[in-house]
K.L.:
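Got a structure for you, written out below as structure tokens; questions coming shortly.
Bear in mind that the values here come from a model prediction, so they are computed numbers and not experimental data. The sequence lines fix the lettering, A, B, ..., with proteins before strands; numbering per chain opens at 1.
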Amino acid sequence: MPELPEVESVKRALEPVLVGATFATVELRRKNLRIPFPRRFVDRLVGTTITAVTRRAKYLLATLSSGETLLMHLGMTGGFRVTHARIDGGYRSEDGLDDERHDHVVFSLSSGATVTFNDARRFGLMDLVRRGALDAHPVLGRLGPEPLAAAFDAAALARACCGKSVALKLALLDQRVVAGVGNIYASEALWVAGLSPKRKAATIATATGRPRPTAERLAAAIVEVLELAIAGTGPRFRVYERAGGPCLRQGCGGTVTRIVQGARSTFYCPACQK
DNA sequence: ATTGAGACCTGTCGGC
DNA sequence: TGCCGACAGGTCTCAA
């Protein structure tokens, strides 16, 4: 599920359930996900009220009345199931994360709603961050620009890629370059921009780090691809998982190809992505 | 400092 | 059917 657009969707679904609600009970079913839960995790949550739910890159942040922030990452397989207690005591599931073996955290809210975190591979994480400490947090502090914020543009992208000998696709996966793009949307954005995933990242910038036209195209493509995915309109993927299929660019006629970069799949059209 | 490889986990799918 | 390897949308750590 989770690259930036999917995390944004989760944030929007969770927001009306969480904001204004108080944690009545918190059930922790294991002591760690990718990292250990922070000490006194349950005690620090119970009784606090959620005042806001926001997103930074692929991280979800729930601001608490205690002044702390609940930081959550979905890893590869994480997600939430929301249920509402009914008069008859039964429950109505609102989506389909079925496998209860992988339910790791159960939040019971004052509203009667239950929010359950499920994560089969346990690459997700939860942490509690004290007021004012968010920017210094080991995972948040290193993130690059938010692609859908004003601070992200061709100049920022070019600056981040300047001098980098890594492949452009791998640079897009580097969260310090642009925060929130993952394996799918890196391929998608490169296709939209007509740029080869194999070209060196530095080639979109001048020697002094100024944006070339390729950087303009790529920055715009990243924004377009992410916004389209959040909106949920239009066909799913244009190259991702389409190896062997025809390139969808008008008049191209090429064939989508799968290659491996940094041990991950990249999909692109060798005919039109240069 | 950058870069590539391996690690962390579990599930699913295709081939033999 | 059973087993085995390859692969999965993320990120960290370590060695070169």
K.L.:
From the set B/dC9, C/dG10, B/dG11, return the single nucleotide nearest to any side-chain atom of A/D99.
P.N.:
B/dG11

K.L.:
Does B/dG11 have OP1 or OP2 sitting under 4.0 Å from an N or O in the side chain of A/R101?
P.N.:
yes

K.L.:
Using the C1' atoms only, state how far B/dT12 lies from C/dT11, rounded to an integer number of Å.
P.N.:
22 Å

K.L.:
If you measure from OG1 on A/T54 to CG on A/L61, what distance do you get to the nearest 0.5 Å?
P.N.:
4.5 Å

K.L.:
Hey, does the side chain of A/H102 come within less than 4.0 Å of B/dG11's phosphate (OP1/OP2), counting only N and O?
P.N.:
yes

K.L.:
If you check the A/R258 side chain, which of C/dG9, B/dG11, C/dC7 turns out closest?
P.N.:
C/dC7

K.L.:
What nucleotide among B/dT2, C/dT11, C/dG9 has an atom nearest to a side-chain atom of A/S165?
P.N.:
B/dT2

K.L.:
Whole-Å distance between C/dG10 C1' and A/R34 CZ?
P.N.:
7 Å

K.L.:
Do A/K58 and A/E3 meet the salt-bridge criterion of a basic N to acidic O distance under 4.0 Å?
P.N.:
no

K.L.:
Rounded to whole Å, how long is the line connecting atom CD1 of A/I35 with atom P of B/dA7?
P.N.:
21 Å

K.L.:
Distance check needed: C/dA8 P versus A/D119 CG, whole Å only.
P.N.:
18 Å

K.L.:
Measure CD/A/E241 against C1'/C/dA6 and give the value in whole Å, please.
P.N.:
14 Å

K.L.:
To the side chain of A/N183, which of C/dG10, C/dT11, B/dG11 is closest?
P.N.:
C/dG10

K.L.:
For A/L74 and B/dC9, what is the distance between atoms CG and P respectively, to the nearest whole Å?
P.N.:
19 Å

K.L.:
Please determine, by modelled atom types, if A/K169 and A/T266 share a side-chain donor-acceptor pair under 3.5 angstrom.
P.N.:
yes

K.L.:
Picking from B/dT3, B/dC9, C/dT11, which would you name as closest to the side chain of A/R122?
P.N.:
B/dC9

K.L.:
Look through every strand shown and name the nucleotide pairing with C/dG9 as Watson-Crick or G-U wobble, where both distances are under 3.5 Å.
P.N.:
none

K.L.:
Once you round it to whole Å, what is the distance between P of B/dG4 and NZ of A/K164?
P.N.:
10 Å

K.L.:
I'd like to check, for A/F123, whether its ring lies over the base of B/dC8 with centroids under 5.5 Å apart and a plane angle smaller than 30°.
P.N.:
yes

K.L.:
Give a yes/no on whether any side-chain N or O of A/R121 is located under 4.0 angstrom from OP1 or OP2 of C/dA8.
P.N.:
no

K.L.:
Report yes if at least one side-chain N or O of A/T77 is closer than 4.0 Å to OP1 or OP2 of C/dA8; otherwise report no.
P.N.:
no

K.L.:
Can you check whether A/R264 has a side-chain N or O nearer than 4.0 Å to OP1 or OP2 of C/dG9?
P.N.:
yes

K.L.:
Charged N to carboxylate O below 4.0 Å: is that the case for A/R12 and A/E6?
P.N.:
no

K.L.:
Taking the minimum atom-to-atom distance to the side chain of A/K58, which one of C/dT11, B/dG4, C/dG9 wins?
P.N.:
C/dT11

K.L.:
Find the distance A/F267:CZ to C/dG9:C1' and express it as a whole number of Å.
P.N.:
11 Å

K.L.:
Tell me if a side-chain donor or acceptor on A/E146 pairs with a main-chain N or O of A/A57 at a distance below 3.5 Å.
P.N.:
yes

K.L.:
Starting at atom CZ of A/R30, determine the distance to atom C1' of B/dC8, rounded to an integer number of angstrom.
P.N.:
12 Å

K.L.:
Please tell me whether A/T206 and A/R210 have a donor and an acceptor in their side chains that are separated by less than 3.5 angstrom.
P.N.:
no

K.L.:
Any side-chain N or O of A/Q175 below 4.0 angstrom from OP1/OP2 of C/dT11?
P.N.:
yes

